[in-house]
Amino acid sequence: MRQRIAALVETALLAAAAAEELVASPFPAVIVGTPVNPDHGDFSCNIAMQAAKAERKAPRQVAEIIIRHIGNGNGLLSTCEIAGPGFINFFVAPSAWHQALLEIETQGGAFGRTATGACQKVQVEFVSANPTGPLHIGHGRGAAIGDTICRLLGASGWDVTREFYYNDAGQQITNLALSVQARCLGIEPDDERWPVDGYQGEYIKDVSSSYLAKETVDSDDRHVLALGDPNNLDAIREFAVAYLRREQDLDLKAFDVHFDVFTLESSLYENGNVEAVVKQLGANGHTYEQDGALWLRTTTFGDDKDRVMRKSDGAYTYFVPDIAYHRNKWERGFTRVVNEQGSDHHSTITRVRAGLQALNCGIPQGWPEYVLHQMVTVMRGGEEVKISKRAGSYVTLRDLIDEVGRDATRFFFIMRKPDSQLVFDIELAKEQSPDNPVYYVQYAHARICSIFENAGEKGFMAPLQPSLSDIAILNTPEELQLIKLLAALPDTVDDSALHFEPHRLTYYLTELACCFHSFYNKNRVISEDSALTTARLYLLKRTAQTLKNALTILGISAPERM
RNA sequence: GCGCUCUUAGCUCAGCUGGAUAGAGCAAUAGCCUUCUAAGCUAUAGGCCGCUGGUUCGAGUCCAGCAGGGCGCACCA
């Protein structure tokens with residue numbers, strides 16, 4: 001609806017320009033807002049104030065011209081008035097709202113989806129955890145935010161590729177293999193033979209016993225048979241990586257998070273991408289040798305100091321394959337790429353972008369885009385939770401899903417802006433009370449389903465494709481408010497996707513649930529008045545559908561009974 | 001010390017790429033179940049938007065400085 005209002009303004013501006021009543025062209029961007037105060041209409045626009053100076057007219061005078069060209073907006077508006085210093089306030093006609101309600105039914109499960117992305121390709125990389133242990137709570141927030149951003153982008157018309165990048169060959173993985181080997185040989189972490197920087201978690205024992213038992217492991221991107229030989233470090237490495245990848249896959253599946261592409265850091269060495277990048281950076285004159293190492297002059301591109309590319313021991317630092325990886329993304333045709341990461345890795349942003357600029361291969365400066373999430377603190381009964389038996393030092397994603405459930409975990413992880421810190425209160429997430437926003441929203445859906453069960457027993461049902469006049473009796477303030485909120489879903493999806501901010505949709509859902517509960521308490525749906533009953537049933541049918549569509553975009557279920 | 005980020009009601013947080021009188025939930029207080037799920041609703045109260053300047057018709061929102069919290073600052077990833 002907001003977009004339709006904006007379109008009305010655009011058209012009016014062009015008409016006014018054609019009639020030579022307004023001169024400035026191009027006009028400032030048309031921004032349509034929703035006033036807090038209902039007296040200011042359903043929507044408002046500040047374009048007259050924005051354009052006033054260039055037009056050399058008073059804002060209210062500009063507004064008057066625009067309004068004249070809008071008229072009643074082809075029946076969309078009941079009134080349209082100038083207010084305050086030059087706002088244009090739009091009052092949408094009730095019939096237009098009723099029409100919008102009918103369109104929700106027509107669109108069905110697709111209601112809320114938009115064509116904004118125009119099927120353009122976008123790639124989202126998230127989680128990207130190395131296979132050295134189970135996914136922890138930080139990965140969990142990354143998984144929830146990244147996955148929801150994918151769903152939001154998909155819902156607003158983008159062609160999304162979900163990608164997971166990991167390192168299966170570096171020093172970390174060697175430490176992993178050595179740790180598993182040590183466990184195979186019965187060496188404990190307090191033993192002096194225990195490897196330096198070894199992984200001490202209990203899960204390493206599981207890997208070693210599975211390896212010794214010659215088990216087979218299948219992950220989403222690997223199939224490995226254990227040799228069982230504790231002296232074969234390469235075999236252990238292969239197996240350990242596959243084993244932990246499978247564990248991560250299982251955790252992610254339990255979280256309903258899926259990927260289209262897995263990219264291995266080692267593949268970038270094997271296919272020559274890393275060497276090619278090093279060569280190109282050198283050819284472009286951005287590298288130099290110093291202290292036995294090869295450096296990249298990232299300071300040319302805004303970094304606060306230059307970075308080592310190749311250590312004196314001959315190995316590349318991690319960010320070289322990172323640059324190669326991102327060029328690879330670019331070459332795959334992703335002119336839009338989003339990386340979701342923990343904010344503790346934010347220093348890589350400047351480095352990767354600098355490397356890409358140094359390649360001088362047509363990549364724009366701000367590419368790729370980043371979404372960084374802040375830390376998560378887990379609380380239980382007012383106390384911070386830190387220890388997990390399995391991992392030794394942190395709370396795993398699996399622990400959380402097992403205890404509070406997938407829906408609540410997902411909702412809690414995304415209900416705050418990514419760049420604000422999150423307190424995850426386990427007790428609250430498990431609570432079945434209105435304090436818990438997940439239950440509050442899901443309960444609204446279940447409650448409506450229950451009404452329909454009751455209505456069915458009394459012989460009522462929501463009409464299929466009623467006429468405008470059938471639902472025109474839905475004109476109390478509560479009913480209209482509910483309809484307006486339903487109609488706002490597509491705009492909310494677009495906003496959330498545009499800003500990579502899933503929490504906007506959780507706030508929308510809470511507001512919608514609140515609006516419904518309020519309506520429910522004030523009005524009886526099933527009554528003697530059969531025309532009103534069926535009209536209200538129709539409204540609730542659309543409400544349930546909208547709740548479900550929005551929850552689905554968040555990857556959260558809409559239970560029919562609670 | 002440098003970089004990024006955050007600071008809004010007692011608590012947890014929104015505030016829609018600068019808009020009209022700053023919102024919600026919890027906690028507090030007072031109410032609402034013989035009636036479609038009380039896992040719900042209604043009402044009251046609660047504010048120097050960290051501080052100081054600046055930009056303009058207009059600032060919680062943008063800019064600068066200051067204070068405080070978090071995260072980074074490796075020839076780790």
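These numbers come from the heavy atoms of this one structure, side chains and all, not from hydrogens, waters or symmetry mates. Just so it is clear, the structure is predicted and the values come from calculations on it, not from any experiment.
At a cut-off of 3.5 angstrom, the base of C41(B) holds no donor-acceptor pair with the side chain of Ser518(A). Side-chain atoms of Asp344(A) stay outside donor-acceptor range of the base of A77(B), with no qualifying N/O pair under 3.5 Å.
For the pair Arg447(A) and Tyr520(A), the cation sits on the ring face: its NZ or CZ lies under 6.0 Å from the ring centre, inside 45° of the axis. In this structure, Lys541(A) forms a cation-pi arrangement with Phe452(A), its terminal cationic atom sitting closer than 6.0 Å to the ring centre and no more than 45° off the ring axis.
Within 4.0 Å (heavy atoms only), Lys522(A) reaches no atom of the nucleic acid at all. Residue Asn175(A) is classed as having no contact, given no heavy-atom separation below 4.0 Å to the nucleic acid.
Because its glycosidic torsion is more than 90° from 0, C11(B) is reported here as anti.
We find that CZ of Phe411(A) is positioned 15 Å from P of C13(B), with the value rounded to whole Å. For the pair Asn37(A) CG and A22(B) P, the computed distance is 11 Å after rounding to whole Å.
Shown here, A22(B) forms no base pair; nothing in the strands shown gives a Watson-Crick or G-U wobble contact with both key distances under 3.5 Å. Nucleotide A9(B) forms a pair with no other nucleotide shown, judged by Watson-Crick or G-U wobble geometry with both contacts under 3.5 Å.
Here Glu479(A) does not pair with Lys484(A) in a salt bridge; the nearest charged N to carboxylate O distance is not below 4.0 Å.
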